[in-house]
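It should be emphasised that the depicted structure is a prediction, and the values quoted were computed from it without experimental measurement. Heavy atoms only: backbone and side chains are in, while hydrogens, waters and symmetry mates are out. In what follows, chains carry the letters A, B, and so on, assigned in the order in which the sequence lines appear, proteins first and then strands, with residues in each chain numbered from 1.
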2 protein chains.
Amino acid sequence: MIYLDNAATTLRKPPQVGQAMLDALQTLGNSSRGTHAGALDAAHTIYGARVKLAQFFHCARPDHVVFTSNITESLNIALCGLLRPGDHALSTDLEHNSVLRPLYRLSAERGVAVDFVPADRQGCIDYDDFERLMRPNTKLVVCTHASNLTGNLVDINRISAIAHAHGALLVLDAAQTAGTRDVDMEALGVDVLCFTGHKGLMGPQGTGGMCIREGVEIAPFKVGGTGVQTYSVTQPEQYPTRLEAGTLNGHGIAGLSAAIDYLNEIGAEAVEARELALTRRFYEAVRMIPGITVYGDFSGAHAGIVALNIRDCDSGEISDALSEDYGIATRPGAHCAPRLHEALGTKAQGAVRFSFSWFTTEAEVDAAADALRELAQA
Amino acid sequence: MIYLDNAATTLRKPPQVGQAMLDALQTLGNSSRGTHAGALDAAHTIYGARVKLAQFFHCARPDHVVFTSNITESLNIALCGLLRPGDHALSTDLEHNSVLRPLYRLSAERGVAVDFVPADRQGCIDYDDFERLMRPNTKLVVCTHASNLTGNLVDINRISAIAHAHGALLVLDAAQTAGTRDVDMEALGVDVLCFTGHKGLMGPQGTGGMCIREGVEIAPFKVGGTGVQTYSVTQPEQYPTRLEAGTLNGHGIAGLSAAIDYLNEIGAEAVEARELALTRRFYEAVRMIPGITVYGDFSGAHAGIVALNIRDCDSGEISDALSEDYGIATRPGAHCAPRLHEALGTKAQGAVRFSFSWFTTEAEVDAAADALRELAQA
């Protein structure tokens, strides 16, 4: 299988990830629950992962790195824990349902007002719209670092400057960029960084988290046992415990920690350069094929994603043909990005998404382009 | 290390658990996101695990088996998704903070009334109290199947009969019993069964879930991408998608699935008999040691847990001595069970908890009893 569905989950992981999980499975007790060797080993593994992730994302405090089961949980925690009745939130048409559905629910159930910066037919946004849509009660701006459909990158510096000028927070959905480029929350002006472990970070599923700037107060989402402050009727106040209830995924976090080691060895610049080169190679090979429409803006830097259609063919049929006849794994349909498909005019057709990883080869990219050339001629 | 902290997490897992996770790490794409081999492999693995768990717990519908990251999340989902303003909930003093803190929060923030059936100084409850405390607006009874502190088992049949006679639901916290005895939700009259993967089920951390009886409607807790019904602004209605947002822990679920296979080979009765025998052996060896107080009721069946103290010694000091001088891992302190420690009169002292698993040996139990004998003489 030529696996080009890395925006959904990376299939090929660094070899040390599995080994770290196996080792953890044989040694980890329950973190924060006792002081015997097993419990301390778990606490050490998990705290070590917080330190690594804090360095990786330039979060000032390791204890402000909170673990979750995936980025959807991170975004639910951030949005439900920050937005109160009467608040306004600003987002964009580029967002994934992991941002949209929490916002829709907060709007329907909690009286939070929400606006969306529109996208054009190339999936681009006008940054002046952020300025235009800010209100005095805008509590936060939440947006993706790169569209999971077109791969268009978003200028987070520009948005955070506008948000902060209006006293609002910036919550970043880094699902498509964490691990595939340098995501420096300090330099980008991010107040809450949400990440997932199983995509660009190349860790196991069941891992994710958030990095919280000092001074940002997020109310607990789920509450329960913490192994500390047992007699408090409320969740403990301090991070990360405030947002972590119940036993953490120590085995998965051990794997994620090993993946971060691997990424640190390569360096973010090398990963970014490689994915951009693969993306450009694919884009240049397919964009002039008659009948193919590529979505998105490829004029500058870009995440490792290319979405396209062949004439008016159903995206599911093209993706199935790629899978069955060529052994190429892609993702058709709506990609949990309903507003962006509407903006692109692809709601009915969907689109076929190709997404690359550090482990993707030039030969795989070329094979995919060749397959598309054949399918477009059929 | 002699690991006797299995009530916190089982440290020794069946060998196929790690292998299943390694295999999954090399083959699983993202379930429900595409139709290529990787995505289908993930969907197949996860659905297969639902089928196994439905059989294991006697849940009528595999699609009513919902995966979560741990039982704390399961209990948050069940309680927050069922209780509305004006409802009454009934629980017990035996509960873990994973039940108590969600209830306290619903009481403080959502106007839910809550009562607790009291425990006596042996951690026993009077079942007539359930009848006494039911109200016309009692929406549910939530209780543990076995205390995580004393190991006392709770007569769930009796409680569910009272709950159902009053039109209330029964939500079961099976943290300490799932995998260590037959938990048949149909026979027990359970409406929502909450379980965790990393304790008696001997799966990896980061896994857990709930089994929901047909007709029980639980509102979503977190919302987001589901890979289906992208254009719906709300979370899809059907289980399990209604309660699962974002990428599932496919790698962990593969491990849990292998653990269930292992448990099915042994049989629930054999596990239960072995843990009860180990527990009785330990209890009989320590209960007459001068200076030792054992908590709980050992007159009948019992979970694989024994909690005790030596005179008025701080439980943390005894647990540390066991760990440092004898290499025996136990859990001191409050065990996230604040109301029960208050009932036992051990709030200040805590207690030293010994908990066993299928893999615990008689020699380990005897070594722990011998160590206690020495410590009690010191």
Exercise for the section: Mind listing the closest non-hydrogen atom pair of B:V228 and A:R101 along with its distance? Expected result: O-NH2, 4.1 Å

Completion exercise
Among A:S232, A:P220, A:S319, A:G197, the residue with the most heavy-atom pairs under 4.5 Å to chain B is A:S232

Handout entry: Interface residue of largest heavy-atom contact number with chain A, from B:Q205, B:R12, B:Q26, under 4.5 Å
Key = B:Q205

Problem - Heavy-atom contact with chain B under 4.5 Å, split by part of A:A24 - result: neither

Problem - Segment of B:T234 engaging chain A (4.5 angstrom heavy-atom cut-off) - result: backbone

Problem - Backbone N/O of B:T226 and side chain of A:N97: donor-acceptor pair under 3.5 Å - result: no

Problem - Among A:L103, A:L11, A:N6, A:V99, residue most engaged with chain B (heavy-atom pairs, under 4.5 Å) - result: A:L11

Handout entry: Among the listed options A:R353, A:Q235, A:E342, the residue most often paired with chain B at heavy-atom distances under 4.5 Å
Key = A:Q235

Practice task
Could you tell me whether a side-chain N or O of A:R105 sits under 3.5 Å from a main-chain N or O of B:V233, the two making a donor and an acceptor?
Solution key: no

Handout entry: From B:H198 atom NE2 to A:L248 atom CG, the distance as rounded to the nearest 0.5 Å
Key = 9.5 Å

Fill in the blank from the handout: Between the CD atom in B:Q19 and the CG atom in A:L22, the distance rounded to the nearest 0.5 Å is 7.5 Å

Exercise for the section: Go through A:T9, A:L322, A:L28, A:N76 and name the one with the most non-hydrogen pairs under 4.5 angstrom from chain B. Expected result: A:N76

Problem - Best-contacting candidate, A:G252, A:G208, A:A329, A:A37, against chain B by heavy atom pairs under 4.5 angstrom - result: A:A329

Fill in the blank from the handout: If one checks every heavy atom of B:T196 against chain A at 4.5 Å, the contacting part turns out to be neither

Exercise for the section: Please state whether the side chain, the backbone, both or neither of B:L100 comes within less than 4.5 Å of a heavy atom of chain A. Expected result: neither

Practice task
Please list all pairs passing the salt bridge (charged side-chain N to carboxylate O under 4.0 Å, His left out) test where one or both residues lie in residues 220-229 of chain A, with sequence neighbours left out.
Solution key: A:E73-A:K222, A:K222-B:E73

Completion exercise
Whatever's closer than 4.5 Å to a heavy atom in chain A on B:A108 counts as neither

Practice task
Measure across A:Y231 and B:A334 and return the closest heavy-atom pair with its distance rounded to 0.1 Å.
Solution key: CE1-CB, 3.8 Å

Problem - Aromatic plane relationship, B:F221 with A:F221 - under 30° parallel, 30 to 60° tilted, over 60° perpendicular - result: tilted

Practice task
Among the options B:G327, B:G206, B:P338, pick out the one with the most heavy-atom pairs lying under 4.5 Å from chain A.
Solution key: B:P338

Problem - Heavy-atom pair of closest approach, residues A:G246 and B:T72 - result: CA-OG1, 3.2 Å

Completion exercise
d(B:C336 SG, A:Q229 CD) to nearest 0.5 Å is 11.0 Å

Fill in the blank from the handout: CZ of A:R331 to CG of B:N30, rounded to nearest 0.5 Å, is 7.5 Å

Handout entry: Non-hydrogen atoms of A:L25 and B:V17 that approach each other most closely
Key = CD2-CG1, 4.0 Å

Exercise for the section: Examine whether an atom of B:T230 lies under 4.5 Å from a heavy atom of chain A, and if so say whether it belongs to the side chain, the backbone or both; otherwise answer neither. Expected result: both

Practice task
Spell out, as yes or no, whether a donor-acceptor pair under 3.5 Å connects the side chain of B:N70 to the backbone of A:T247.
Solution key: yes

Handout entry: Spacing of CE belonging to A:M1 relative to OG1 belonging to B:T27, to within rounding of 0.5 Å
Key = 8.5 Å

Handout entry: A:R339: partners by salt bridge (Lys or Arg N to Asp or Glu O under 4.0 Å), with sequence neighbours left out
Key = A:D93

Problem - Pairwise distance CE(B:M21) to NE2(A:H251) - rounded to 0.5 angstrom - result: 7.0 Å

Handout entry: Interchain contact, B:N249 with chain A, by part (heavy-atom threshold 4.5 Å)
Key = both

Fill in the blank from the handout: When the 4.5 angstrom heavy-atom criterion is applied to B:Y104 and chain A, the contacting part is side chain

Problem - Greatest number of heavy atom pairs closer than 4.5 Å to chain A - which of B:I253, B:T68, B:V223 - result: B:V223

